[in-house]
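Worksheet: one structure, shown below.
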Amino acid sequence: MDGRAERPSERPRASQISKFMSEERKTPEQRAQMTDLERLRHSASHVLATAILKIWPEAQFAAGPPVENGFYYDVDLPHRISPDDFEKIETEMKKEIKANHPFERMEISRDEALELGKKGRLAALSERPEPSKYKLDIIENIPPDEKISLYRNGDFVDLCAGPHVKRTGEIGAFKLTSVASAYYKADERNPQLQRVYGTAFKTKKELDDYFAMLEEAKKRDHRKLGRELELFVFDDDVGPGLPMFLPRGAAIAEELEKLAKETEFAAGYQRVRTPHIARESLYKKSGHLPYYAESMFPSMAVRKHEEYRVFWEQWEKRQNEAYEQTVKRFMPNLDEPGMRERIGKMDTRELNQFIEQRISAMGQEAVNAFNRMAIDSFIPSLMMTQVSPIEDRYYLKAMNCPHHHKLFAAIPRSYRDLPLRLAEYGTDYRYEKSGELFGLMRVRSLQMNDAHIYCTPEQFEAEFNAVNEMYLKYFKLFGIEKYLMRFSTHDPSKLGQKFVDEPELWKQTEEMTRRVLKDSGIDYVEVPNEAAFYGPKIDVQVWSVVGREFTLATNQVDFAQPRRFNLVYKDRDNLEKTPICIHRAPLGTHERFIGFLLEHYAGNFPLWLSPEQVRILTIGDDPKLMDYARSILNELRAHQVRAEIDDSTDKINGKIQRAEQMKVHTMLVIGKRDMEADVVSVRVHGKGNLGATPRGEAIAAVLESIRTRAK
RNA sequence: GCCGACGUAGCUCAGCUGGUAGAGCAGCGGUUUCGUAAACCGCAGGUCACGGGUUCGAAUCCCGUCGUCGGCUCCA
């Protein structure tokens with residue numbers, strides 16, 4: 001799968017979907033649909049601006065919309081607003097709310113609006129020397145047929161389409177939450193503004209509940225759980241964005257792989273294995289270079305010719321000899337006290353200088369001798385430059401498709417071979433920018449549930465549907481109820497730049513894909529201008545319980561790369577034809593999927609996925625009892641159950657506490673009484689004591705739950 | 001990459017306006033022999049992210065680097 005598609009918006013932020021409906025592009029109809037809460041928050045952002053102006057009258061404002069969990073206002077202000085300022089701002093906001101000013105709407109002409117903006121009267125408490133520059137810019141961008149309106153609360157007047165609550169007093173409870181920077185109109189060429197975030201609710205209780213919910217959400221944060229449950233770690237020496245899975249985390253990855261392998265095997269996929277690196281030429285061919293180079297780790301240079309190495313070694317040797325001779329010849333007093341020590345401390349540059357000084361002090365003869373030696377030692381280096389300036393470059397792979405295309409091409413293919421489905425849990429490396437790294441969700445090394453399906457146009461629909469079926473099957477298994485398929489299409493005006501210049505193929509592929517999506521009845525939204533450069537794609541967006549939204553999986557139609565790689569199959573009519581390639585990764589990457597599952601389950605994995613499935617807790621450490629415990633352990637392990645014995649000196653309550661904290665799924669508590677009756681006391685995480693069960697029965701139940709991947 | 005905040009023991013954190021580090025849990029060693037969410041005693045554990053600077057003296061102040069976090073940007 002070419003993971004380039006695997007990325008949109010995995011940060012907790014206003015969702016992509018709500019982004020389409022963001023304040024700037026809102027039509028009057030959409031505005032009318034603003035919920036009461038959004039209206040309240042939008043009003044709160046005006047109150048925020050009012051308060052900021054009371055403190056810093058020179059502040060310039062851009063946009064201040066409601067967002068998913070609150071509101072913000074973008075402000076341009078020399079003073080850096082920090083959380084320390086929040087109290088001061090909030091105090092002013094409270095005054096404004098207490099004053100209970102009405103929000104008054106006024107419709108004005110475009111000229112009047114421009115006039116006010118020039119006088120600095122927009123998003124301001126009074127006229128000001130500086131014009132309201134951002135507001136003026138916004139006016140320019142309002143469609144001519146749309147009405148321009150102002151809203152006023154107290155002295156504050158703002159260009160705003162509304163709607164608002166009736167009076168500032170209706171803003172019941174609010175709190176400023178953070179401040180961050182944002183580019184005006186999200187364009188990095190524009191000035192950076194300070195974005196002050198806050199949230200507001202009708203009542204204090206709702207506000208408190210919201211913060212309590214955030215506290216709860218923190219407990220589900222995959223980074224926190226990952227550490228607590230000993231699943232994965234990051235290490236400075238290994239590098240940022242390069243997670244290492246501890247045994248408990250690796251166990252989850254292994255289960256996911258097992259799931260994928262079983263599912264894919266049954267669906268006619270074949271597994272392949274490819275190296276983690278490839279030569280530059282592969283990525284030139286695929287088209288990833290130079291366009292994708294920025295997201296790849298810098299290349300490794302490998303000297304192409306053996307003679308290069310030999311010359312290099314000889315050159316170094318001669319150079320060292322030259323130095324030694326020079327030192328011997330022109331520094332007879334090397335043995336004088338302190339000299340060796342002094343030279344020993346010098347680096348090459350200092351030593352060079354020192355030698356030159358000594359030599360020139362010794363006269364012309366010495367200079368000539370030294371020059372001869374220097375030339376001697378440098379000639380090989382010149383030769384070497386001519387022999388082999390060429391290097392071979394290798395790249396860590398950032399995607400698996402080029403390798404898979406090569407495997408397709410490795411053997412002559414007939415239409416009888418299609419569809420050919422090549423699958424691999426390939427490890428890719430991507431140089432994500434430092435600011436983009438985020439726990440396990442956005443990393444620099446990732447292992448993807450990748451596969452490429454090569455098929456004929458006639459087979460496309462069935463293959464595409466089968467892939468979608470697979471997605472849905474997985475979602476059901478994991479209890480993922482909220483998801484959205486984003487169908488990204490191309491923008492015809494960007495053919496040849498952003499998208500391969502194949503208007504007909506784009507049209508065909510997109511129509512084909514759209515039809516399949518419609519027929520399957522899957523919910524999807526269509527997003528223009530976000531396709532991969534080689535074809536339309538479908539990203540699957542999910543929301544973790546924490547409210548984080550990200551692209552979990554992806555599915556792309558590729559008509560371009562097979563051509564670039566000259567992939568062909570011999571059709572019935574004895575003509576060579578290019579197959580369509582479907583890239584797909586229903587389980588995304590291990591990293592992100594595990595991160596998602598952690599938050600999804602709050603670390604309380606179903607038995608089959610549990611890092612530690614069963615822990616045997618003994619009451620006391622009587623040797624006979626320990627034997628009983630070990631025999632149960634051995635039986636479980638013989639059936640591939642991840643089981644442990646807690647043989648610590650803790651009392652039983654302590655052992656239970658620790659097992660519960662580690663979220664061990666099933667605890668088997670055994671004491672003498674159990675041993676004598678050949679039973680175990682079953683305790684399930686989160687469910688408490690389920691009572692004594694015959695040993696065989698308990699084990700059978702565990703095995704059955706794992707086998708069926710029960711919830 | 002950009003803006004901002006943060007970085008103290010394995011983890012969670014304390015350490016006031018500068019006077020060379022402290023708790024709980026985890027770990028280790030004992031004791032305890034127990035019935036469904038923490039038995040008791042003791043021990044050990046730190047280049048206060050790293051590197052410079054200011055100072056008689058720096059975890060504390062300043063600068064730089066690295067890393068993490070919150071956003072922004074990117075994500076063909």
Side-chain angles (χ1 to χ4, degrees), chain A residues 2-14 16 67 72 74 80-84 177-197 221 223-224 227-228 230 233-237 239-241 287-288 291-292 294-295 430-439 442 488 490-491 494-500 529-535 537 539 550-551 554 556 560 617-622 625 648-662 667-674 681-692:
Chain A
D2 179 341
R4 276 176 299 176
E6 187 250 321
R7 10 230 341 261
S9 146
E10 45 261 13
R11 290 307 201 82
R13 59 156 108 146
Q16 291 275 323
V67 288
Y72 67 78
D74 281 345
R80 286 241 153 265
I81 296 174
S82 85
D84 298 338
T177 49
S178 65
V179 56
S181 76
Y183 297 104
Y184 179 53
K185 287 183 175 172
D187 187 334
E188 60 184 333
R189 287 165 304 192
N190 286 335
Q192 247 185 350
L193 307 173
Q194 303 187 61
R195 180 167 291 181
V196 182
Y197 281 90
D221 190 303
R223 294 164 295 185
K224 183 176 158 68
R227 193 168 44 236
E228 288 171 356
E230 296 175 9
V233 292
F234 288 90
D235 183 286
D236 276 6
D237 287 325
H288 289 101
Y291 304 110
Y292 197 65
E294 206 178 282
S295 295
R430 298 188 184 158
Y431 195 77
E432 303 288 358
K433 289 187 208 158
S434 59
E436 295 172 336
L437 301 176
F438 176 67
R442 192 77 176 260
S488 302
H490 80 298
D491 173 350
K494 296 201 175 132
L495 282 172
Q497 307 156 37
K498 201 172 163 182
F499 307 112
V500 290
N529 197 26
E530 290 199 15
F533 80 101
Y534 49 67
K537 70 179 182 187
D539 290 326
F550 44 89
T551 299
T554 181
Q556 303 169 24
L617 313 178
T618 56
I619 300 170
D621 57 2
D622 180 85
L625 184 63
S648 67
T649 57
D650 285 297
K651 302 209 170 188
I652 189 62
N653 277 336
K655 292 184 182 183
I656 286 169
Q657 165 100 4
R658 293 204 311 192
E660 290 282 357
Q661 276 172 349
M662 288 304 277
M667 289 151 275
L668 300 180
V669 177
I670 54 170
K672 271 184 195 159
R673 294 207 304 256
D674 304 283
S681 293
V682 179
R683 182 188 169 97
V684 171
H685 175 60
K687 289 192 185 152
N689 187 4
L690 303 185

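Within every chain, numbering begins at 1; the chains are lettered A, B, ... in the order of the sequence lines, protein sequences first and strands thereafter.
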Nucleotide-resolved protein contact map, nucleotides 35-51 of chain B, B/S/- at heavy-atom distance under 4.0 Å
BBBBB------------
For the residue pair S681(A) / N689(A), report whether a side-chain donor-acceptor contact shorter than 3.5 Å exists.
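Absent: no donor and acceptor within the cut-off.
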When the [atom1] atoms of [N] and [M] are considered, how many whole Å apart are they?
N	M	atom1	result
U8(B)	G22(B)	C1'	10 Å
U12(B)	C72(B)	P	26 Å
U20(B)	A59(B)	P	9 Å
C25(B)	C66(B)	C1'	29 Å
U47(B)	G51(B)	P	11 Å
G29(B)	C34(B)	P	23 Å

Under 4.0 Å, heavy atoms only, any strand: does F234(A) hit a base, just the sugar-phosphate, or nothing?
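The residue F234(A) makes no contact with any strand.
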How would you label the contact of G535(A) with the nucleic acid (heavy atoms, under 4.0 Å): base, sugar-phosphate, or nothing?
nothing
Show me the dot-bracket string of RNA chain B, counting Watson-Crick or G-U pairs under 3.5 Å, with | for pairs to another strand and [ ] for crossing ones.
(((((((..((((.....[..)))).(((((.......))))).....(((((..]....))))))))))))....
Has K655(A) got a side-chain atom pairing as donor or acceptor with T618(A)'s backbone, closer than 3.5 angstrom?
yes
